[in-house]
Chemist: 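Just passing along the structure, written as C-alpha cells.
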Amino acid sequence: MRRLYAILIAAGFVYMMLSFLGVVPGYGNIDLCSRVSSSFLLKDVSEQNAKNWLMAKGLETKSIEKVYGEKNKEDGCANVVTSIVVNYRSFDTLGEVTVLFTAALGVGLILGGTRRKKYGLLPNFVFRESTRILVPLIILFGAYIFVHGHLTPGGGFPGGTIIAAAALLLYLADEEFFLSKVSTGALEGSMGGLYVIAGLLGLAIGGYFLYNFLPTGRVGNLISSGIVPIVYTFIGLKVGAELSGLITDLHSEEG
Amino acid sequence: MMTALVVLAGAIMTVAAVFAVEAKKILDSVIAMSVVSLVSVFLFIAMRAPDVAITEASVGAGLVTAVFLVALFRMKGGDEE
Amino acid sequence: MVYWISIILMGIGIYGLLTQKNLFKQLISLAIIDTAVNVFIIAAGYVEGGKAPIYTKALPSFLKGAFVDPLPQALVLTAIVIGVGVLALGAALLVRVKEKHKNLDVENMKGVGE
Amino acid sequence: MMTLAIAIPLIAAFLAAIRKSWGYILYAIAAILNFILSLSLIGAVPSIHALGGWKPPFGINLVLDNASFYAILFINAIFLIVAVFPDIIGKYATVMLVLMAAVNGFVLTGDLFNSFVFMEIISAAAVIIASKRENYYSAFKYLIFAGIAGSLYLIAVIFVYTQTGSLNMAQAAYFSFSQKSLVAITTLFLIGLGVEAKLFPLNGWVMGVYGGNDLAPVILSTAVTFSAMYMMGRLMITIFGGGVLQVLYVLALITMLAGELAALYQKNLLKTLAYSSIGQAGLVLAVLSKGKEPFTSLAYFQLMNEVTAKLVLFLVAGYLVYKYTNLNGIFKSHKVLGTAFSIASFSLVGFPLFAGFQSKLRIIMEAFKGGDYLLPALLLLATLIELTYLIRWNVRLWFEDQVEEGEKGSWRHGFVAIALAIFLVVIFFFPNIYLAPASKMADAITSVSGYINIVTSGLGGM
C-alpha cells in the first residue's frame, strides 16, 4: 500500500516537473547572448551597461575583441568556469567553503572521537608499501590541480579532495595512523580566515569585498589572473584539511 | 552516435538508481549509487563540462562513496539484526 | 533528453525516500536526487556543438554556439560540494543513530516511538 | 559595510576552528559587534554592495533596504540575547557563528543562487544544532527534509536563470514571466522555503527538532524562522508577485489548524510548544499570502510578537525540561521564570494587556474589512485551542502538587525571560515599537519598483 502511494507521489512529481519543463528552452538550444554568461565568456563585464541589462533592454551584439588579448582588464583566467567561481561569483564560493567547514565541524561534534578506532584488520604488505610511495605523489597531484585551477579544468575542490584521498589511503593502509585534530583544525581555520582576509583586503583596497586587487597578467600564464590562484590555493588546502579531518573523525572513537 | 551514448548512459543510470533504492543489502546500494555518480560524469563530459566532471568524479563519486563505506563499515553492515 | 533522464532519476529518488524504511537508503536516495539535479542544471546550459568554456591556443570566434554556458557549470561545482557536505553530515548522524537505537530501520528502532 | 555582518561571524568561526576553547568568547564578541554594526547600518539604508566590484546582474550584490535592515536588526538582537547563555551554547559556539553569518547573508543577499548557498549553510548548521543532546534521529529527519527542499529551491533558481538570463533578484522582479513559468517557479520556491517556514506537508521535522534539546528551538524557532518568513515575503511578493499565493493561503490555514490540534494532544512541554510554533507559522503565512498592505505589515507584526513570546517560552521550557523530570508545580520554586512563562503564553494566545492581542485583533479587523470571513473564523478557532492547552500547561506548572524539590534557578534565564516578558507588555501599550518597523518592512516588501530602483540607482556611475 505504502509502495503504491509512493509510486503515485513520485509519478505526480515527475509529471509536475515534465509539465514545468515546457518553460525551459530545449536541450542544446540556448541563446547565450540573452544570458549574463556571454559577458563572462567575453570578459567584458565592466564595460556592460548594468542598468540596461537589469531592465533587459541592453543586449548588444557581442564582438570578439579583447577576449584573448595581452592586456586583459578583467582577469587572466583561461578557464572561464574558474573565473566565475573565484572571481565573478567568489562570494558563493566563500559560502560553499563554509558549508564544507560546517559539515566537517558537525561530523567532529557528532562523532567527537579522540582515539583511533581499530578494526583489527592487517592490511596487505604490498598495499602498505605502495601506499608509502603513492601518498607524496597523490598530494603533489592534488596541489598541481589546485594551483593550475585557472588554466585547466579542476581547481580547489577536486584538488583538496585528492589530498584527502591520500589521507584516506593512509588510514586504510595503517591501523595506527591517526591525524591530529589540532593540525587539521589549525590549517582549515587559518586558510578560511585568510580567504576572508583576502576579501577584506579587497574591501580596503578596491572598495568591494572580495575585489581582485592584484595585476591580472597574461592569459595562459601560471602567474596571472590576480588573486584567483591564491584563493584557489587557500581553498585547496582548506578543503584538503577539512576532508582529511572528516575522514579522521569517521575513523575515531571516544577514548 | 552521441545521442545513442547519452541514451545508454541514461538507461544505466536509471537501472542503477532503481537498484540502489531497492537492493536488499546497503553495500550494494552504496555501490549502485556510486555507479549513478560515475555515469553522470560521462554525461557531464558529453555536455562539455570538464570542470564539473572532475569535481563529480573526485568529490561526488569518490569521496561520498568513501565516506559512506567508512560509515557503513563502522556500523558493521547497517542492515543486520 | 537529458532533462528526462534527470527528472526520472529525481522521481526514483523521491520514490526511494517515501518507500524505504532504512535510513541509509533514504540518504542514498537523497544522493541520487542531488546527482539528478546537477545533471539537470548542466543540461540547462548545454549548447549544441559548443566547446568547453576554456580558452586554448586557437582563438575561437565568439559566434553563436561557440561555447557552452559556463555559469551553470560554476553553480554545479558549488552544488556538488554542498551536497557532499550534507551527505557526510548525514552519514555521521547515521553512525550515531545506529549506536543509539541499535537499528537503522525506522520500524525496528528502539526508543524512537513518541 | 554590510558585508561585515557576514564577514565578522565567519572570520570568528574560522578562528574558533583553530582553538576550540575560544568558541564562546568569539561568539559573544561577534554577536555584540554584529548587533552594533546592524544598528549603525541605518545610515546606509537603502544601498547595495556589489561584491568583488561586479555590477548586479553579473556579480552578486547585497541589498540593504528597509525590509532587510529591520530583519537583520531583529535577528542579530536574538543572537545577542542567546549569547547571554554560555551553558546552552556549550561547544556549539562555532556552529552558532556560522549560523549567524548564514542568516545575515540569507537576508541581505540580492542574488538567487547566493540565497540557496546561504540556505544550505543554515540547514547544515541547524542540523548540527538539532543533534544536541543525542537527538540524532530527529536531526537526520530534518537533514532529509532540508536536502529535498534545497534541491527543489536550486531547480527553481535554474528555472529563473533560463528565463531571465541572470540570477539577480532585481532583474527577476523586473522581468515579466509568462503565467506558466511563474507557476512553475513559485511552486518550486514554495516547496523549497516551506520546509524552513514550517508549511503544512513539509513540517514533519519540527516536533523532533524543537522537542529534542534546549538550543535548537531557542535559535531555530526565532532567528531562522524570521529569516525564512522574510524570504517568503521577498520571493513570493516582491520578486514573483502573484504566482501561487492562493495555494499558500490554503496550505497555511491547514498548517495553522493542524499545528494547534497536534499541540492539544501533546503531553511533552517542549513538543507542545513545537506544534504551537507550527500553528503560529501557519497564521503568519496565511496573513502574508494576502500579498498586499496592510496584511503584510500585520504579518510581520504578528511574527515579531510571536518570535519574542516563543523565545521566552522555549528558554524557560528548555531550562526546566532538562533540569527536572517531573514538571508538576515547578513554578512554585521558580516564580520569576513562571511569571515570564505565563506572560509569554498569554501574549501568544492574545489576551488584552499583552502584545499578541494587538496583532491578532488587527488581523481579524482587517480581514473583516476585506470581506474575508474564513481567516478570522479559523484564527478564533485556533486561538481557542491554543488557549485550552496553554492554560492547561500553566495550571499544571503553577498549581499542581510539586513532586520534585526545586533547585536554585539560573539568574541569567530569570533576568532575560522576565525582561522579554515585560517587553511584551510594553508592546501592548506602545505597539509602534514593533508595528512601525513591521510596516516599514512591509512597505519595502510590497514595493516592487522600489526594490528595482534601489538596485539600479545603487549602480551609480558604473
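A, B, ... follow the sequence lines: proteins, then strands. Residue 1 opens every chain. These values consider heavy atoms only, across backbone and side chains, with no hydrogens, waters or symmetry-generated copies. Small disclaimer: the values here were computed from a predicted structure and weren't measured.
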Chemist: Output, in order, the C-alpha distance, side-chain angles, deciding distance and verdict of side chain to side chain contact (heavy atoms under 4.5 Å, CB included) for D:Thr94 and A:Phe101.
Modeler: CA-CA 10 Å; D:Thr94 320; A:Phe101 171 77; 4.1 Å; yes

Chemist: D:Gly52 and A:Tyr211: which non-hydrogen atoms are nearest, and at how many Å?
Modeler: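 Answer, listing the atom of D:Gly52 first, then A:Tyr211: O-CD1, 3.5 Å.
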
Chemist: Using non-hydrogen atoms only, which part of D:Val98 is less than 4.5 Å away from chain A: side chain, backbone, both, or neither?
Modeler: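 The side chain, not the backbone.
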
Chemist: For A:Thr184, is it the side chain, the backbone, both or neither that has a heavy atom under 4.5 Å from a heavy atom of chain D?
Modeler: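 It is neither, since no heavy atom gets under 4.5 Å.
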
Chemist: Quick check for you: among D:Ile185, D:Asp111, D:Leu99, D:Leu62, which has the greatest number of heavy-atom pairs under 4.5 Å with chain A?
Modeler: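 Heavy-atom pair counts peak at D:Asp111.
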
Chemist: Relative to chain A, which of D:Thr164, D:Asn114, D:Val183 shows the most heavy atom pairs under 4.5 Å?
Modeler: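 Greatest number of close heavy-atom pairs with chain A: D:Asn114.
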
Chemist: With only heavy atoms counted, which part of A:Leu203 is less than 4.5 Å from chain D, the side chain, the backbone, both or neither?
Modeler: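 The answer is the side chain of A:Leu203.
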
Chemist: Under a 4.5 Å heavy-atom cut-off, does chain A meet the side chain of D:Glu134, its backbone, both or neither?
Modeler: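 Neither part.
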
Chemist: Heavy-atom distance under 4.5 Å between the side chains of D:Phe159 and A:Phe20, does that happen here?
Modeler: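 The answer is yes; the side chains approach within 4.5 Å.
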
Chemist: Evaluate A:Phe209 against D:Leu4 for side chain to side chain contact (heavy atoms under 4.5 Å, CB included), listing each step before the verdict.
Modeler: CA-CA 9 Å; A:Phe209 191 65; D:Leu4 290 181; over 6 Å; no

Chemist: Among A:Val107, A:Leu210, A:Val182, A:Leu109, who wins on heavy-atom pairs under 4.5 Å with chain D?
Modeler: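 So the answer, after comparing A:Val107, A:Leu210, A:Val182, A:Leu109, is A:Leu109.
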
Chemist: So, do D:Leu51 and A:Arg89 sit near enough that their side-chain heavy atoms are less than 4.5 Å apart?
Modeler: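 Side chain of D:Leu51 against side chain of A:Arg89, heavy atoms only: no contact under 4.5 Å found.
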
Chemist: Would you mind checking which part of D:Leu167 comes under 4.5 Å of any heavy atom in chain A, side chain (CB onward), backbone (N, CA, C, O), both or neither?
Modeler: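 Interface part for D:Leu167: side chain.
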
Chemist: Run the numbers on D:Ile155 and A:Met17 for side chain to side chain contact (heavy atoms under 4.5 Å, CB included), then give the verdict.
Modeler: CA-CA 10 Å; D:Ile155 296 178; A:Met17 287 304 299; 3.8 Å; yes

Chemist: What part of A:Met191 gets closer than 4.5 Å to chain D, counting heavy atoms only: side chain, backbone, both or neither?
Modeler: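 Looking at A:Met191, nothing touches chain D.
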
Chemist: Hey, which residues of residues 115-129 of chain D are touching chain A, say heavy atoms under 4.5 Å apart?
Modeler: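 Interface residues of residues 115-129 of chain D: D:Val117, D:Phe118, D:Ile121, D:Ala124, D:Ala125, D:Ile128.
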
Chemist: Could you check which of D:Ala184, D:Ala17, D:Gly105 has the highest count of heavy-atom pairs closer than 4.5 Å to chain A?
Modeler: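 Max contact count across the listed options: D:Ala184.
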
Chemist: Give the minimum heavy-atom separation between A:Tyr208 and D:His49, together with the two atoms involved.
Modeler: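 For A:Tyr208 versus D:His49, the nearest heavy atoms are CA-NE2, 3.8 Å.
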
Chemist: Side chain from CB out, backbone as N, CA, C, O: work out which of these in A:Phe213 comes under 4.5 Å of a heavy atom of chain D, or both, or neither.
Modeler: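 For A:Phe213, no heavy atom lies under 4.5 Å from chain D.
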
Chemist: Taking 4.5 Å as the heavy-atom cut-off, does anything in residues 7-16 of chain D contact chain A, and if so which residues?
Modeler: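 Answer by number: D:Ala7, D:Leu10, D:Ile11, D:Ala13, D:Phe14.
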
Chemist: Step by step, would you call D:Thr162 with A:Arg35 a side chain to side chain contact (heavy atoms under 4.5 Å, CB included)?
Modeler: CA-CA 8 Å; D:Thr162 57; A:Arg35 293 186 176 184; 3.7 Å; yes

Chemist: Tell me if a side-chain donor or acceptor on D:Trp54 pairs with a main-chain N or O of A:Asn87 at a distance below 3.5 Å.
Modeler: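 Looks like yes, one N/O pair under 3.5 Å.
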
Chemist: Do A:Met16 and D:Leu188 have side chains that get closer than 4.5 Å, going by heavy atoms?
Modeler: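 Yes, side chains in contact.
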
Chemist: Tell me, side chain or backbone of D:Ser131 under 4.5 Å from chain A's heavy atoms, or both, or neither?
Modeler: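 Side chain of D:Ser131 only, per the 4.5 Å heavy-atom cut-off to chain A.
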
Chemist: Relative to chain D, which of A:Asp92, A:Val196, A:Ile110, A:Leu187 shows the most heavy atom pairs under 4.5 Å?
Modeler: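 The candidate making the most pairs under 4.5 Å is A:Asp92.
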
Chemist: Which bit of D:Leu152 is near chain A, if near means a heavy-atom gap under 4.5 Å: side chain, backbone, both or neither?
Modeler: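 It is the side chain, since no backbone atom gets that close.
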
